[in-house]
2 protein chains.
Amino acid sequence: MSEIQRPGALYQQVAAAIREAILSGEFAPDSLLPSEAQLMARYGVSRPTVRNAISALRAEGLIDVRHGKGSFVRSSGQPHLTIERRVSRTAEGKFVMPNGDIWQEAEEPTTYRTHTTKDTGRLLRLDEEEALFGCDRLLIDPSSGTRAMHRTLIPFEVAEAVPLLGEEPCKPAAAIYWVLTQAGHQLAWTETVRARMPLPDERTALKLPDATPVLHVTRTAHGTDDRPLFLEELRFGADRAELVYRITADKQPTRRTRT
Amino acid sequence: MSEIQRPGALYQQVAAAIREAILSGEFAPDSLLPSEAQLMARYGVSRPTVRNAISALRAEGLIDVRHGKGSFVRSSGQPHLTIERRVSRTAEGKFVMPNGDIWQEAEEPTTYRTHTTKDTGRLLRLDEEEALFGCDRLLIDPSSGTRAMHRTLIPFEVAEAVPLLGEEPCKPAAAIYWVLTQAGHQLAWTETVRARMPLPDERTALKLPDATPVLHVTRTAHGTDDRPLFLEELRFGADRAELVYRITADKQPTRRTRT
DNA sequence: TGACGTCACTTGTCCTTACGAGTTACGACT
DNA sequence: AGTCGTAACTCGTAAGGACAAGTGACGTCA
């Protein structure tokens with residue numbers, strides 16, 4: 001029966017009241033919220049209004065609703081999995097990835113041929129409609145249950161110029177780095193990080209809950225002449241994992257070419 | 001009048017039909033979608049059903065709805081602003097940030113004192129409830145209109161141990177790096193990247209559209225003994241900006257302490 | 001005891017109706 | 001010609017009703 005009439009629309013007042021109750025600790029994380037019927041009585045509003053308020057809190061990622069059970073306060077736990085983006089080399093010069101061993105393949109990799117899009121073309125510094133080898137993987141970290149979509153793209157011209165690369169875009173990235181090094185390239189990498197809401201296929205493939213963005217990391221490997229040779233993409237739900245980078249200071253403030 | 005009856009709920013079928021029409025190009029980016037009344041007629045459903053479908057597409061970030069005007073296909077343009085996360089030093093050893101000059105302060109910085117939370121405590125490797133100096137800024141990049149929330153946190157014990165640091169958490173990060181270097185520290189940085197849906201205050205402060213996640217970057221500066229000295233946070237809408245990192249290979253695969 | 005059906009609870013879907021509020025264009029009045 | 005009001009469109013909010021579907025507990029029956 002707590003009366004409400006502060007700002008804006010009714011359902012926003014209800015949403016604000018519930019939000020405060022959650023943040024103030026009246027409703028603990030993982031606990032069950034009052035049912036829609038109870039909220040109707042508590043705030044003296046109709047069911048559509050209550051559902052509208054709940055839907056707003058859902059979009060904020062504050063609560064999870066389960067059909068037949070009720071609404072639960074989402075436990076705002078930090079991501080469990082830490083993905084370190086680093087490239088290391090052993091004494092023999094082989095490449096080692098910090099997270100190379102945690103992932104398992106959930107299904108068979110898919111290889112295919114495509115063309116550069118506006119997006120990948122920009123990052124590879126190629127025109128549109130350039131031919132590419134591609135390989136898609138669906139990865140799982142069994143210990144945390146985190147799922148991720150992985151993709152590698154190799155331009156035709158690079159694959160042709162580098163002997164061992166062949167038509168095998170599904171090799172692990174470390175192996176591809178090695179082959180490129182053997183071909184005389186000294187590698188450096190550029191990584192671009194973006195976040196957005198998942199597309200429907202990503203929502204299902206990654207088993208994402210409501211209001212969960214995807215982190216989209218794109219790494220390009222540059223060769224000796226600073227030209228991009230190879231593109232690697234990783235997409236995963238931002239609720240499960242976070243990215244970590246180690247940075248050291250550049251000696252001189254180099255100016256890179258503008259993208 | 002296009003009949004629909006494939007999968008699941010009616011409103012999902014309607015949403016899927018509109019989604020396809022958008023992705024197939026029938027509705028171009030920035031163009032006006034049919035009004036709710038027209039969609040009701042087109043699919044033979046009631047207004048709540050149409051609105052439910054539209055609300056789903058809105059949550060996916062596919063469309064923008066403007067009161068009194070209609071629904072518009074969101075132009076899926078890539079982020080305009082590229083934020084390079086790098087630390088460079090001039091010949092004299094001063095620190096230079098790649099994006100140090102693009103930001104302007106939208107309002108007066110706020111200084112305050114707080115304590116470590118579970119989150120910042122973990123990153124600074126301090127217990128909870130340790131005292132901190134803090135400074136919050138609201139930044140704007142005038143050329144792109146991008147807004148960002150910036151925060152610096154300095155533990156009391158660090159501020160006391162380093163003479164010039166004083167109670168001035170609002171100095172630019174580069175200046176703080178410099179003071180720490182003068183105090184004998186050799187700095188390295190760790191950056192953590194996360195994404196999540198904005199809180200209500202972030203939505204308004206950053207002027208975020210619907211279904212726009214925030215990218216949340218946290219940088220800690222480590223001193224000579226590898227202990228975190230200083231924390232810097234940047235939050236911004238993922239629709240406007242992207243992060244870029246430059247990576248070079250480590251010589252030996254160093255094992256860092258676990259967080 | 002075990003299996004299963006029922007019931008009472010939950011949220012999900014869908015409809016109808018009504019009015020409020022922002023936007024735009026047109027036309028009448030000054 | 002310029003101003004302003006109104007009308008007709010848009011989406012936003014709120015209420016009511018009805019039934020479907022998932023969940024869990026309880027009780028009955030074999």
Side-chain angles (χ1 to χ4, degrees), chain A residues 3-19 22 27 30-74 200 203-204 207 209-211, chain B residues 3-18 22 27 30-74 200 203-204 209-211:
Chain A
E3 294 305 321
I4 44 182
Q5 42 191 332
R6 296 290 171 238
L10 237 192
Y11 80 93
Q12 284 171 346
Q13 302 172 30
V14 174
I18 301 176
R19 189 187 300 116
I22 291 175
F27 300 125
D30 282 321
S31 71
L32 190 58
L33 246 58
S35 74
E36 295 179 356
Q38 289 169 326
L39 292 173
M40 289 167 64
R42 174 156 168 170
Y43 297 114
V45 298
S46 70
R47 185 155 174 239
T49 302
V50 166
R51 285 183 63 78
N52 209 343
I54 285 182
S55 144
L57 298 175
R58 235 217 260 222
E60 292 174 24
L62 262 180
I63 63 177
D64 280 314
V65 181
R66 272 177 284 182
H67 190 173
K69 303 191 70 170
S71 304
F72 297 82
V73 180
R74 186 177 282 186
R203 281 210 54 171
T204 60
K207 295 196 198 302
D210 279 339
Chain B
E3 293 304 320
I4 45 180
Q5 40 191 337
R6 296 293 171 235
L10 238 191
Y11 79 92
Q12 285 170 346
Q13 301 171 30
V14 175
I18 301 175
I22 291 176
F27 299 125
D30 283 322
S31 72
L32 190 56
L33 247 57
S35 73
E36 295 180 356
Q38 289 168 327
L39 292 173
M40 289 167 63
R42 174 156 169 170
Y43 298 112
V45 297
S46 71
R47 186 155 174 241
T49 301
V50 166
R51 284 183 63 78
N52 209 343
I54 285 182
S55 141
L57 298 174
R58 234 218 260 222
E60 292 173 25
L62 262 180
I63 63 175
D64 279 314
V65 181
R66 271 178 286 183
H67 190 173
K69 303 192 74 171
S71 304
F72 297 82
V73 181
R74 185 178 284 185
R203 281 209 54 169
T204 59
D210 278 339

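Both backbone and side-chain heavy atoms feed into the values below; hydrogens, waters and symmetry mates do not. Model, not experiment: these values are computed from the prediction. Here is how names work: the chains are called A, B, and so on, in the same order as the sequence lines, proteins then strands, and each is numbered from 1.
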Task: Under-4.0 Å salt bridge between A:Arg19 and A:Glu60 - done: yes

Task: Qualifying residues under side-chain hydrogen bond (donor to acceptor under 3.5 Å, both in side chains), relative to B:Ser46, sequence neighbours excluded - done: B:Thr49

Open item on the list: In this structure, how many angstroms lie between the P atom of D:dA21 and the CD atom of B:Gln12, rounded?
Closed with: 14 Å

- [ ] Applying side-chain hydrogen bond (donor to acceptor under 3.5 Å, both in side chains), name anything that partners A:Asn52, two or more places apart in sequence or on another chain.
- [x] none

- [ ] Measure the distance from CG on B:Leu39 to C1' on D:dT10 and round it to the nearest whole Å.
- [x] 12 Å

Open item on the list: For a 4.5 angstrom cut-off between non-hydrogen side-chain atoms, does A:Ile18 reach A:Tyr43?
Closed with: yes

Open item on the list: Rounded to whole Å, how long is the line connecting atom CG of B:Leu10 with atom P of D:dA20?
Closed with: 15 Å

TODO: Hey, could you give me each pair passing salt bridge (charged side-chain N to carboxylate O under 4.0 Å, His left out) that has a residue in residues 63-73 of chain B? Not counting sequence neighbours.
DONE: B:Asp64-B:Arg74

Task: Interface residues of residues 54-73 of chain A with DNA chain C (non-hydrogen, below 4.0 angstrom) - done: A:Arg58, A:Val65, A:Arg66, A:His67, A:Gly68, A:Lys69, A:Gly70

Open item on the list: Does anything in residues 46-53 of chain B come within less than 4.0 Å of DNA chain D? Heavy atoms only, and list the residues if so.
Closed with: B:Arg47, B:Arg51

Check the interface with nucleotides 4-6 of chain D: list each N/O to N/O pair with the protein under 3.5 Å, or write none.
none

Open item on the list: Taking side-chain hydrogen bond (donor to acceptor under 3.5 Å, both in side chains) as the definition, give me every residue that meets it alongside B:Glu36, ordered by chain and number, with sequence neighbours left out.
Closed with: B:Arg47, B:Arg51

Task: chain B contact limits on DNA chain C, taken 5' to 3' with a cut-off of 4.0 angstrom to heavy atoms - done: C:dT13 to C:dT24

- [ ] With rounding to the nearest 0.5 Å, note down the distance linking CZ in B:Phe27 to CG in B:Leu32.
- [x] 9.5 Å

- [ ] Report yes if the side chains of A:Leu33 and A:Ile63 come closer than 4.5 Å at any heavy-atom pair, otherwise no.
- [x] yes

Task: Any donor-acceptor pair under 3.5 Å from A:Gln12 side chain to A:Ala53 backbone - done: no

Task: Within-4.5 Å side-chain heavy-atom neighbours: B:Leu39 and B:Val45 - done: no

Open item on the list: Looking at every non-hydrogen atom in both residues, tell me the closest pair between A:Leu57 and A:Ala15 and how far apart they are.
Closed with: CD2-O, 3.7 Å

TODO: Please name the pair of heavy atoms, one in B:Ala211 and one in B:Ala59, separated by the smallest distance, quoted to 0.1 Å.
DONE: CB-O, 3.3 Å

